[in-house]
Amino acid sequence: MAEPQSPLGANFVPGNHGNAAAGIGVTLRERKGLSVIQVTAWRDAIPAMLTAIGSATGLALQNKPGLGRVAGEKSVFGFAPGRYFVVSATPDLETRLRSVISPELGTIIDLTHGRTVIRVSGPRSEWVLSKLFAIDFSEHAFPIGSGRATLHHDIHANIQRIDDESFDLYVFRTFARSFWLTLGHAAEEVGYRVE
Amino acid sequence: MIIKCPYCGPRDVIEFIYQGDATRTRPEPASDDRAAWNAYVYDRTNPSGSHSEYWLHSGGCRQHLLVTRDVSTHAISSVVFARDAAVSAKSGELA
Ligand SMILES: [Zn+2]
């Protein structure tokens, strides 16, 4: 299979940037080599779909808005009724999902080549992301593992909280470089490291 | 204005697209009653106070919502999925 090329290109500059002398507020990474699959359940099949996702990934979810789970490289989260992102570094993720999800349960779309996944972590991640997205990033409103669908500058994005100070951002691949530059500008104030 | 989406929670109005008066009744697709179609497309009562309207959460879960909003204060008294409201109305649970 062809190696996907990162759209961040020459704008991915490892090292410390911005006001880093005062400390590193956030660290930015691109998560590569992932399979990103969108799974959509028919209206009456949501519980059966969650069971199927659980059997394919080991990550079982309850049927509640925005719930998700993370285990190492694997993650699952809901972002709309009956709609889930299923993500793993396993190249056969789509095959595994197809083996347990029949057309009676819903649909599967491979978004791997359409999304860029950026991990933002560090003590100022909530602060920096609040400049870009008009949602509440505090942990009581946005618990660990849960997912969101929202906008940056009128452009759709999905976000999952990984731990108390880390988030994964799923942005459209074609907007990823411009988003990356904007993210860097937003992080300059707190000092950031690109790894 | 903030709309509290039943799935996504409170979100700024910039994430939503207004989809019009929710009190209209669409004529049967095969109807050739021009007065009924004209009323459906153009006639609005333009009330002050509480108003029933559709919004699409285009910048979030992409669900159609039925919002009850006071058009003079923007106070929102109810937000439900439009699909659920339509199903309830069909099964006679709502007037
Ligand atoms: Zn929503």
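In the text below, chain A, chain B and the rest are named by the order of the sequence lines, each starting its count at 1.
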What part of A/Ile135 lies closer than 4.5 angstrom to a heavy atom of chain B: side chain, backbone, both or neither? side chain

Following the transitive rule for hydrophobic clusters with a side-chain heavy-atom cut-off under 4.5 Å over Ile, Leu, Val, Met, Phe, Trp and Tyr, establish whether A/Tyr192 and A/Trp180 coincide in one cluster. yes

Any heavy-atom pair between the side chains of A/Arg83 and B/Arg62 that's under 4.5 Å? no

Which answer fits B/Glu15, side chain, backbone, both or neither, if we ask what part of it has an atom under 4.5 Å from a heavy atom of chain A? both

Would a hydrophobic clustering, with Ile, Leu, Val, Met, Phe, Trp and Tyr connected at side-chain separations under 4.5 Å, put A/Val117 with A/Leu8? no

Looking at side-chain heavy atoms only, is the closest gap between A/Asp154 and B/Ile14 below 4.5 Å? yes

Chain A contact via B/Pro6 - which portion, at a heavy-atom distance below 4.5 Å: backbone

Quick one: list whatever passes side-chain hydrogen bond (donor to acceptor under 3.5 Å, both in side chains) with A/Lys131, sequence neighbours left out. A/Glu189

Looking at A/Ala149, A/Pro81, A/Ala141, which has the largest count of heavy-atom pairs under 4.5 Å with chain B? A/Pro81

Using the rule given for side-chain contact (heavy atoms from CB on, under 4.5 Å), can you reason through B/Arg11 versus A/Arg148, listing the C-alpha separation, both sets of side-chain angles and the distance that settles it, and then say yes or no? CA-CA 11 Å; B/Arg11 296 293 179 93; A/Arg148 298 284 183 271; 3.5 Å; yes

Could you give all pairs that pass the ring-ring contact (aromatic ring centres under 6.0 Å, His included) test and reach residues 55-79 of chain A, with sequence neighbours left out? A/Phe77-A/Phe85, A/Phe77-A/Tyr170, A/Phe79-A/Phe85

May I ask you to say whether A/Arg43 pairs ionically with B/Asp84, meaning some side-chain N is under 4.0 Å from a carboxylate O? yes

Are A/Leu151 and A/Val128 in one and the same hydrophobic cluster, where Ile, Leu, Val, Met, Phe, Trp and Tyr link if side-chain heavy atoms are under 4.5 Å apart? no

Is there a path of hydrophobic side-chain contacts, each under 4.5 Å between heavy atoms of I, L, V, M, F, W or Y residues, that connects A/Phe142 with A/Val87? no

